[in-house]
Engineer: 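There's a structure below that I have some questions on.
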Amino acid sequence: MDNLKKLIHGSSGIGLGNGVGAIRYTNYKKSTDKVYMASRKKKKGEFRIPGKISGIDKNKTGLKIRFQNEIELEIKFLDSNLVRTTWTPGDLPVPYAMSDKEWGDINVQIKQKDDSWMISSDTLSLQVHPCGSISYFENEKSIRHDNPPRLEGKSWALTSDLKKEAKIFGMGEQANKFDLRGSSMELWNTDPGGSYKLNEGPLYMPMPVYYCLDSNGGHLIFHENSYKGTISFEEEVKASFMGGALRTYFIAGDIKDVIVIFTELTGRASLPPHWALGFHQSRWGYKNEADIRRIAKGYQDNQLPLSCIHMDIDYMDAYRVFTIDKERYPDLKKLSGEMEEQGIKLVTILDPAVKIDKEYDVFMEGLKNGYFCKGSDGHLMRGLVWSGWSAFPDFTNPDTRNWWKSKYPLLLDEGIAGIWHDMNEPASFVSDGDPTLPFSTLHDLDGKQGDHLEAHNLYGLNMSRAGHESLKEHRPEKRPWLLTRSGWVGIQRYAWHWTADIESSWEALRMTVSGLLNLGISGVSHSGSDIGGFSGMANTELFIRWFQLAGFTPFFRNHSSHHTPDSEPWEYGPEAVAIIRASLRVRERLLPYIYTSSWQAAEFGYPLMRPMFWDDQDDEALLNIEDCYFFGDHLLVAPVMVEGQTEKEVYFPKGTWIDFYDGSIYTGGQIHTIKISIEKIPLFVRSGAVIPTIEDGSRILNLYISNNSTEKTISIIYSDEGEGYGASKQEEFIVVGELDRIIINRKVSGKYPLPTNSGLRIIGVEAKSVKIDGRAIDVGEKTIIKSKFEKILIKV
Ligand code: MIG
């Protein structure tokens, strides 16, 4: 009942009519699910383990091992450090998570050793024991052990050893601390309904992907199985899935190397348009054109840079997707043009569900062509959302995807720059229980056919795939930009992600850092959270701290729920506005650096937010840190996430670190106590880094270096037009410190023209003299130099 109250009046606020519908829908779903689950139920005590090995088929990249109890294990090496194991029976997955990379043939050695079989590449070995357990070795060192799996009815269950000290990261989106050891997680994309807090789950986008780090090193596991399931990390790892084959990918190594291989497998984000890295203002809901103009003006009047405004569900006509409310938005095209002139893009929300309405062409087309999800007896499956009773496109059907793709031009033609996918778990209003479609709902699964237990977690991924492909197809000269609430492994190929309806609390702010770091380790390079939290009203201090942190997350957006007071920066008073302005300007200044980090995500799969152990996982002190992180290669962010905090203890990785704002020096490998002010987020730069900024329209190369830096540091700057697919340029700066001098070598590739001049700023040392390509120059606070050079020599 509490749930129902919240649903009708509270943070979800769906109103009385929908509330009554939700009760009806819930009863329907519950009874349908009960019947369906009973039909799949295993007999009591019915389970199978592999039994003894009964036969072997070798091939070039691996082998198949048959076991007595009609169970088969296939082992296939895709690369020397990427191996796939598949236990059957069970349907093989449709490869939605996978990139289109074709893996070549790699030679493996297969040997019999006593009763077991060893399958090895140059770096990895798998030993399959006669009972079906598997030991994994990296260069002879044992790093993992799986027990023989169990098949219970249609569900596979696997347990694996976990060392005492092992830490676990990843698992897609979680409302958790950073290290997931000790947690049990459900694999079922879920709308928590208007507000969630720490330890609530599952959320919109859990994933069966984790990185395990222990005293023998690290490895990544990806279970390519989309079925409803659970994974827990207590004494041991327990993973189970309600159907399908048990297919698992294994990659060994340090996080940085593992992420490269994992994102080769599951794909990488495409390079975003430059504007997407700017600041976004959103709200549920701006009511009409005047409201949008008011926001743009507010930003201008307060001298706050703004890149984009998001339009929530209120722009639609009665919440019908691919329509525009002509009374509220009589001329959206004109509005978007006006905004464009001010450098502001417009993004519209898009829900998947289509209102059941005979007068509505989108619904009638979908119905006529069989594009919607159906129940097991072929009836149209209904759910309840903002538009009322609605049908759900089956995005696992290629025809549905093509049809859906053909609709985006309706928004693009109005000048909409990017699309925001919501409610695509998919979500339906319920009075209690699981807020989605019944388990028995049928899906095409690209011709394979299957039920909702299998297809549910793939819904947001395939909707986003359609959206991404549509933007590419219908606006080929521009880069697609989409935001999605739900998805699955590989979602980074199609869309960015945000953590949606998070509560407005300090605890939620802290959870944001852990959550976004774990998303990054799961392959999702670009994500963010609603500034100030979604469901409540942050006090001024929390709002400021959240704002400052969000400036160092990939997706930088202010958004809040419809029942909260207005939450644009000026609502918090002039002092807050001044601080927020400064934080927006730091973001703006750093855009060339952040853009380069986005390019690295596209190129190598590196997330923008990286855990403190990213460069050094041998330093145990770094493994547990969840209140600091790296943003890109060289920025160490130490956000303030405790109310009223005046000092923060920061453990710096080995090396030397320089305060971003005042150039003071911190020696790494130890804890420093940092003084905190409300004005800024503590920020440090790796000594030896070249950080590009843009200031008053000019490009500045900021060399952060201290006297005692002797290590070689490499910095990359990637530049291009910021949109489209034209020329680009990559500059590589190699900085080496010697006793009394610093040498910077610059290598360049690509054709994109840089500005003739750049500024050079040296922070952290007093330069006695500076020579560029052999010619002495005077250095001041910010010296103008030719952008084209090969070598800088600094005497200190
Ligand atoms: O049922 O579109 O997470 O960002 O403002 C709520 C209205 C639907 C949930 C999203 C939120 C958005 C809201 N949506």
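In each ligand, atom 1 is the first atom listed, and ligand 1 is the first ligand listed.
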Engineer: Between I349 and ligand 1, which part of the residue brings a heavy atom under 4.0 Å of the ligand: side chain, backbone, both or neither?
Structural biologist: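 For I349, only side-chain atoms sit under 4.0 Å from ligand 1.
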Engineer: What atoms in ligand 1 come closer than 4.0 Å to a heavy atom of D312?
Structural biologist: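 With D312 as reference, the close atoms of ligand 1 come out as 2 (O), 5 (O), 7 (C), 12 (C).
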Engineer: Parallel, tilted or perpendicular for F534 and W284, by the 30°/60° rule?
Structural biologist: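 The arrangement is parallel - the two ring planes meet at less than 30°.
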Engineer: Counting both backbone and side chain atoms, is some N or O of W498 under 3.5 Å from an N or O of ligand 1?
Structural biologist: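 Min N/O separation from ligand 1 is not below 3.5 Å for W498.
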Engineer: By side chain to side chain donor-acceptor pair (under 3.5 Å), which residues pair with D191, not counting sequence neighbours?
Structural biologist: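 D191 satisfies side chain to side chain donor-acceptor pair (under 3.5 Å) with R485 once adjacent residues are dropped.
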Engineer: Out of all atoms in ligand 1, which are within 4.0 Å of some heavy atom of M423? Include the element for each.
Structural biologist: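 Answer, ordered by atom number: 1 (O), 8 (C).
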Engineer: If you count the atoms of ligand 1 from 1 in the order shown, which ones are under 4.0 Å from a heavy atom of H559?
Structural biologist: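 That gives atoms 4 (O), 5 (O), 11 (C), 12 (C) of ligand 1.
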Engineer: Classify the contact between Y319 and ligand 1 as side chain, backbone, both or neither, using a heavy-atom distance cut-off of under 4.0 Å.
Structural biologist: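 For Y319, no heavy atom sits under 4.0 Å from ligand 1.
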Engineer: If I apply the N/O under 3.5 Å rule, does Y204 come out as touching ligand 1?
Structural biologist: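 Between Y204 and ligand 1 (N or O atoms, distance only) the closest approach is not under 3.5 Å.
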Engineer: Does W420 approach ligand 1 within less than 4.0 angstrom via side chain, backbone, both or neither, non-hydrogen atoms only?
Structural biologist: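 Just the side chain.
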Engineer: Just which atoms of ligand 1 are under 4.0 Å from any heavy atom in R485?
Structural biologist: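 Matching atoms, with element in brackets: 3 (O), 9 (C), 10 (C).
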Engineer: Look at the rings of Y28 and Y25 and say which category their plane angle falls in: under 30° parallel, 30 to 60° tilted, over 60° perpendicular.
Structural biologist: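 The rings of Y28 and Y25 sit tilted, inter-plane angle from 30° to 60°.
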Engineer: Can a cation-pi geometry be assigned to K334 and Y329, taking NZ or CZ under 6.0 Å from the six-membered ring centre and within 45° of the ring axis?
Structural biologist: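 Not flagged: K334 not positioned over aromatic ring of Y329.
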Engineer: Show which atoms of ligand 1 fall inside a sub-4.0 Å distance from at least one heavy-atom site of F534.
Structural biologist: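 Counting atoms of ligand 1 from 1, those under 4.0 Å from F534 are 4 (O), 5 (O), 11 (C).
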Engineer: Only heavy atoms count here, so choose which of I502, D422, I313 is nearest to atom 9 (C) of ligand 1.
Structural biologist: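 The option holding the nearest heavy atom is D422.
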Engineer: Does a side chain donor of either S464 or R493 reach within less than 3.5 Å of an acceptor in the other side chain?
Structural biologist: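 There is no such pair (donor and acceptor under 3.5 Å, judged by atom type) between the side chains of S464 and R493.
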Engineer: What heavy-atom pair brings K355 and S390 nearest, and what distance separates the two atoms?
Structural biologist: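 Scanning both residues completely, I find the closest heavy atoms to be CA-OG, 3.6 Å.
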Engineer: Honestly, is R557 close enough over W496, meaning NZ or CZ under 6.0 Å from the six-membered ring centre and within 45° of the axis?
Structural biologist: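 Ring-cation test returns no.
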Engineer: Residues two or more places apart in sequence or in another chain: which of them pass side chain to side chain contact (heavy atoms under 4.5 Å, CB included) with M537?
Structural biologist: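 Counting only residues at least two positions away or on another chain, M537 forms a side chain to side chain contact (heavy atoms under 4.5 Å, CB included) with P565, Y572.
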Engineer: Under 4.0 Å from a heavy atom of A500: give me the atoms of ligand 1 that qualify, with their elements.
Structural biologist: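 So the atoms of ligand 1 that pass are 3 (O).
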